[in-house]
Amino acid sequence: MNAPLRALGTRARSRPLLAAATAAGCALAATAAVLVPTQKGTAAERPDRPPTAVEGQARGVSAAKCENPAASLRPTGDLDGPAVQRIKARGKLIAGVDQNSYRWGYRNPATGELSGFDIDLVHAIAKDILGDPGKVMFLAIPTNRRIPAVQSGKVDIIARTMTINCDRIKQVAFSTAYFEAGQQVLVPKGSPVKAFDDSLKGKKVCTAEGSTAEAKVREEPHGSTLLTVPNHLDCLVRLQLGQVDAVVNDNALAAGQAAQDPSVELVGKPFTTEPYGVAMNLKDVDLVRRVNKVLEDYRSGGANSPWMQAYQHWLASGLGGTDAPPAPEYRD
């Protein structure tokens, strides 16, 4: 167990944790090490070069105007082009994920395997492209390295609770939204902080570096001071150690953290809309369309759809019930 979790044990004397939650915390707080060797992108994959016409199509939104960033490419036309052929030739889908977010992407302490809602989706994509859900190379990618990992060609996809927004669609291509969350505040029970408002004045707030939560707190600090860390779970550890007073995070992720530690809770209401998408390289138009085809299948079937089954298994106990996944939006 690493140093932060040793400190967590000291904190636990004044605020007991469930044994299972402690075990999960130990596993989740492991350093987000790369699981397979990194690969350098080709010259054509450098993010500083001018976009090609194909990449412009994938981008679909100019820097000056962004009306609906969540609108993606329809799953029609070429679904088996150069990007998909690259994955088939390799025999593995390389997916950037989290291994520190309980219920989304985390290393199960009982099995040692990566598990969670995002992990199930990656397996579905691998099955569609390669015929086998197990043909995946997982890379654990910190929050602030998601976009560079896609741009450099280090990964084929990122499935890591990544919000689609106007800034990001200039840099990477997204699938249709597969989940919709909202930012909320996580605090110890009994905290004077009651919401994302002036009750944060004079408090220390933690967010993951490169997250939409960081941007929101910088925009509206409410008199707080900000600490940024590489991964979302690092904020929970700092909250447990008393190093920060509150965490601002997507409620979907924060609900998983509250499940790990029953002495913390979400307060206030969600104050943003965070549609999650699978991120890909701008030039991989055929892969974007292929992933959107997978998502169409993943959503279909009503209450028995793979999406609803995954939601019920991983998320329903912390987030409450939902009738359906977000409907896809397309721009072509």
Rounded to the nearest 0.5 angstrom, the CG-CD1 distance for L139 and I157 is 11.0 Å
Donor-acceptor check, side chain of Q183 to backbone of T212, threshold 3.5 angstrom: yes or no?
yes
Could you check whether any side-chain N or O of K189 sits under 3.5 Å from a backbone N or O of P262, counting only pairs where one atom can act as donor and the other as acceptor?
yes
Would the distance check show the side chain of Q243 and the main-chain N or O of L239 forming a donor-acceptor pair, the cut-off being under 3.5 Å?
no
Intermediate values then yes/no, side chain to side chain contact (heavy atoms under 4.5 Å, CB included), D80 and Q85:
CA-CA 6 Å; D80 202 25; Q85 288 300 316; 3.1 Å; yes
If we check side-chain contact (heavy atoms from CB on, under 4.5 Å) with T161, which of these qualifies: V97, D118, N249?
D118
Looking at R289 and D332, is there a salt bridge between them, counting it only when a charged N and a carboxylate O are closer than 4.0 Å?
yes
Is there a path of hydrophobic side-chain contacts, each under 4.5 Å between heavy atoms, that joins L130 and L295?
yes
Does atom NZ of K92 have more than 12 heavy-atom neighbours from other groups under 6.0 Å away?
yes
Any sub-3.5 Å donor-acceptor pair from S152's side-chain atoms to P148's backbone N or O?
yes
T272 side, atom OG1; N251 side, atom CG - distance, nearest 0.5 Å
8.0 Å
D156 bridged to R90 by N-O distance under 4.0 Å
yes
As an exercise, state the distance from CG of L287 to CG of N281, rounded to the nearest 0.5 Å.
9.5 Å
Does the side chain of S115 reach to within under 4.5 Å of the side chain of R107, using non-hydrogen atoms?
no
R146 side chain to A159 backbone, donor-acceptor under 3.5 Å:
no
Closest heavy-atom pair, N108 versus A110, reported as atoms and distance to 0.1 Å, is OD1-N, 2.8 Å
Start with the C-alpha distance between N292 and R74, add both sets of side-chain angles, then the distance that settles side chain to side chain contact (heavy atoms under 4.5 Å, CB included), and finish with yes or no.
CA-CA 7 Å; N292 282 339; R74 290 187 182 276; over 6 Å; no
Can you tell me how the ring of W307 sits relative to the ring of F179, calling it parallel under 30°, perpendicular over 60° and tilted otherwise?
parallel
Contact summary for A279 and V150, nearest pair of heavy atoms
O-CG2, 4.2 Å
Contact summary for I169 and L282, nearest pair of heavy atoms
O-CD2, 4.0 Å
Could you measure the distance from the CZ atom of R160 to the CG atom of D98? Nearest 0.5 Å is fine.
3.5 Å
After noting the C-alpha distance and the side-chain angles of K201 and H222, does the key distance pass the side chain to side chain contact (heavy atoms under 4.5 Å, CB included) rule?
CA-CA 6 Å; K201 186 175 182 179; H222 290 291; over 6 Å; no
Between the main-chain N or O of N304 and the side-chain N or O of Q309, is there a donor-acceptor pair closer than 3.5 Å?
yes
Path from L200 to V244 over hydrophobic side-chain contacts below 4.5 Å:
no
Hey, is the main chain of V278 close enough, under 3.5 Å, to the side chain of S175 for a donor-acceptor pair?
yes
Heavy-atom pair of closest approach, residues I119 and G105:
CG1-CA, 3.9 Å
Are F196 and L226 linked, directly or through intermediate hydrophobic residues, by side-chain heavy-atom contacts shorter than 4.5 Å (ILVMFWY only)?
yes
Taking every heavy atom of V136 against every heavy atom of A126, the minimum-distance pair comes out as CG2-CB, 3.4 Å
Can you find a pair of side-chain heavy atoms, one from Y106 and one from L114, that are under 4.5 Å apart?
no
Mind checking the OH-CE spacing from Y298 to M308? Nearest 0.5 Å is all I need.
11.5 Å
Does one side chain, of E214 or T207, offer a donor that lies under 3.5 Å from an acceptor on the other?
no
For Y178 and G277, which heavy atoms make the closest approach, and how far apart are they?
CE2-C, 3.5 Å
Look at the side chain of D78 and the backbone N and O of G81, then say whether any donor-acceptor pair between them is shorter than 3.5 Å.
yes
Got a salt bridge between D286 and R290, using NZ or NE/NH1/NH2 to carboxylate O under 4.0 Å?
no
Looking only at side-chain N and O atoms, does N165 offer a donor or acceptor that is under 3.5 Å from a partner on T163?
no
Near-ring test H232/Y102, centroid separation under 6.0 angstrom
no
Is it true that K194 and D197 have a side-chain N and a carboxylate O under 4.0 angstrom from each other?
no
Between R103 and G256, is there a donor-acceptor pair closer than 3.5 Å when you use the side chain of the first and the backbone of the second?
no
Which value, rounded to the nearest 0.5 Å, describes the distance between E329 atom CD and S72 atom OG?
10.5 Å
Is the NZ atom of K88 crowded by more than 12 outside heavy atoms at less than 6.0 Å?
yes
If we only count heavy atoms from C-beta on, is the K204 to L227 side-chain gap below 4.5 Å?
no
Heavy-atom distance under 4.5 Å between the side chains of P325 and Y311, does that happen here?
no
I'd like to know if the side chain of D132 and the backbone of G134 have a donor-acceptor N/O pair within less than 3.5 Å.
yes
Cluster overlap M280 with L79, hydrophobic side-chain contacts below 4.5 Å:
no
If you take the centroid of each ring, where Trp contributes its six-membered ring, are F117 and W104 closer together than 6.0 Å?
yes
Would you say L93 and M137 make side-chain contact, with heavy atoms under 4.5 Å?
no
If two hydrophobic side chains count as joined below 4.5 Å and joins carry through other members, does V237 share a cluster with V248?
no
Does C166 reach the side chain of P69, with side-chain heavy atoms less than 4.5 Å apart?
yes
Close side-chain approach of V247 and V205, heavy atoms under 4.5 Å:
no
D245 vs V187, side chain to side chain contact (heavy atoms under 4.5 Å, CB included): CA-CA, chis, key distance, verdict:
CA-CA 7 Å; D245 302 296; V187 297; over 6 Å; no
Does any part of the side chain of V288, heavy atoms only, come nearer than 4.5 Å to the side chain of F174, both counted from C-beta?
no
